[in-house]
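Remarks on the structure that follows.
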Amino acid sequence: MRRLGILVSGRGSNFIAIADNITAGKLDAEIAIVISNRADALAISAAKQRGIPCHVIPSKGKDRVTHDAEVIAVLRNAKVDLVCLAGYMRLLSADFVRAFPGRILNIHPSLLPAFPGLDAQKQAFDAGVKMSGCTVHFVDDQLDHGQIILQKTVPLMPGDDVDALSARILEQEHIAYSEAIGMVLRGDVVDHTLEKK
Ligand code: GRF
């Protein structure tokens with residue numbers, strides 16, 4: 001069974017969707033460890049409830065390289081095959097990216113390369129686009145950047161506000177992330193940018 005390490009900072013709905021898809025037999029993998037950089041992340045209580053191993057590694061007051069080294073050590077110890085960022089509010093150091101080449105994924109609530117960074121749904125709403133969505137991509141050391149694996153589109157509707165749009169995008173995120181993880185684990189897609197390095 002392929003082993004996932006999931007990194008979170010907050011609510012954890014994408015982590016829960018992945019866990020539920022595994023339980024439902026829609027994704028052939030197991031969650032080896034959930035790691036949060038914040039002790040108060042709801043994702044940690046959700047992991048505990050489900051009996052999924054979890055670990056808090058506080059990032060506050062540490063430099064990036066020190067914190068990342070601690071996270072890398074826990075992921076290696078858990079023997080993960082794939083690292084999935086799911087609402088992990090930290091930019092990874094180059095060392096981290098190099099530790100798991102082609103094996104780190106992220107989900108972002110826009111159609112990248114449009115609207116990287118914080119409040120992607122609000123950025124899309126304010127720009128007046130008619131279509132947004134979500135993107136699962138391989139992670140490199142730039143924010144919300146790296147080869148795209150899968151995107152799902154979500155239309156903006158008359159009368160939408162940012163909350164309604166965010167909720168509609170989140171529904172698609174919960175489907176997209178497990179699909180993309182399955183594609184990578186099966187070897188249907190690989191990070192071609194690594195060949196150029
Ligand atoms: C999601 O919108 C994800 O795309 C973004 O952060 C949010 C995390 O939500 N990277 P959750 O913690 O998975 O509920």
Side-chain angles (χ1 to χ4, degrees), residues 4-24 26-27 29 31 33-50 52 54-59 71 82-92 96-97 104-127 129 131-156 160-184:
L4 309 180
I6 303 196
L7 303 195
V8 296
S9 298
R11 181 177 58 180
S13 72
N14 277 288
F15 148 60
I16 292 167
I18 293 165
D20 288 348
N21 283 329
I22 291 173
T23 307
K26 292 182 191 162
L27 175 62
I31 300 176
I33 186 101
V34 177
I35 301 174
S36 174
N37 65 313
R38 297 179 54 121
D40 59 356
L42 288 175
I44 287 294
S45 28
K48 284 184 179 155
Q49 259 176 20
R50 286 171 165 74
I52 296 173
C54 55
H55 210 97
V56 175
I57 306 178
S59 51
V71 176
L82 207 61
V83 179
C84 303
L85 312 187
Y88 187 59
M89 303 302 283
R90 310 249 321 148
L91 187 63
L92 302 190
F96 195 141
V97 176
I104 310 175
L105 271 52
N106 181 44
I107 188 155
H108 183 75
S110 76
L111 296 176
L112 290 173
F115 314 125
L118 288 177
D119 298 325
Q121 303 95 330
K122 182 173 187 304
Q123 291 185 53
F125 188 81
D126 290 348
V129 294
M131 194 67 83
S132 190
C134 62
T135 303
V136 185
H137 63 95
F138 287 109
V139 169
D140 60 17
D141 54 8
Q142 295 175 55
L143 181 66
D144 300 324
H145 189 264
Q147 185 185 305
I148 291 170
I149 299 166
L150 182 70
Q151 293 185 307
K152 300 249 181 222
T153 55
V154 172
L156 279 84
D160 254 357
D161 57 17
V162 175
D163 286 346
L165 174 64
S166 302
R168 211 173 317 115
I169 293 175
L170 194 62
E171 267 178 42
Q172 294 305 309
E173 293 187 42
H174 294 164
I175 301 166
Y177 214 166
S178 294
E179 279 183 21
I181 291 168
M183 287 164 70
V184 174

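All ligand and atom numbering here is 1-based and tracks the order in the structure.
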Quick one: which ligand 1 atoms are inside 4.0 Å of a heavy atom on R11? 9 (O), 11 (P), 12 (O), 14 (O)
Of the protein's non-hydrogen atoms, which lies at the shortest distance from atom 1 (C) of ligand 1, and what is that distance? E173 OE1, 3.1 Å
Decide if atom CZ of R50 counts as having more than 12 heavy atoms of other residues, nucleotides or ligands within a radius under 6.0 Å. yes
Number the atoms of ligand 1 from 1 as they appear, then name those within less than 4.0 Å of a heavy atom of H108, with their elements. 4 (O)
Can you tell me the protein heavy atom closest to atom 11 (P) of ligand 1 and the distance? S13 N, 3.4 Å
Can you confirm whether N14 sits close enough to H174 that some side-chain heavy atom of one is under 4.5 Å from a side-chain heavy atom of the other? yes
Heavy-atom distance to atom 10 (N) of ligand 1: which of I107, L170, L42, I16 wins? I107
Show which atoms of ligand 1 fall inside a sub-4.0 Å distance from at least one heavy-atom site of G12. 11 (P), 12 (O), 13 (O), 14 (O)
Rounded distance (nearest 0.5 Å) linking atom CZ of F15 with atom CD1 of I52: 4.0 Å
Between atom NZ of K152 and atom OG1 of T135, what is the distance when rounded to the nearest 0.5 Å? 12.0 Å
Residue pair L105 / M183, side-chain heavy-atom distance below 4.5 Å: no
Identify, for atom 6 (O) of ligand 1, the protein heavy atom at the shortest distance, and state residue, atom and that distance. G87 CA, 3.6 Å
Using a 4.5 Å cut-off on heavy atoms from C-beta on, say whether the side chain of V83 contacts that of V71. no
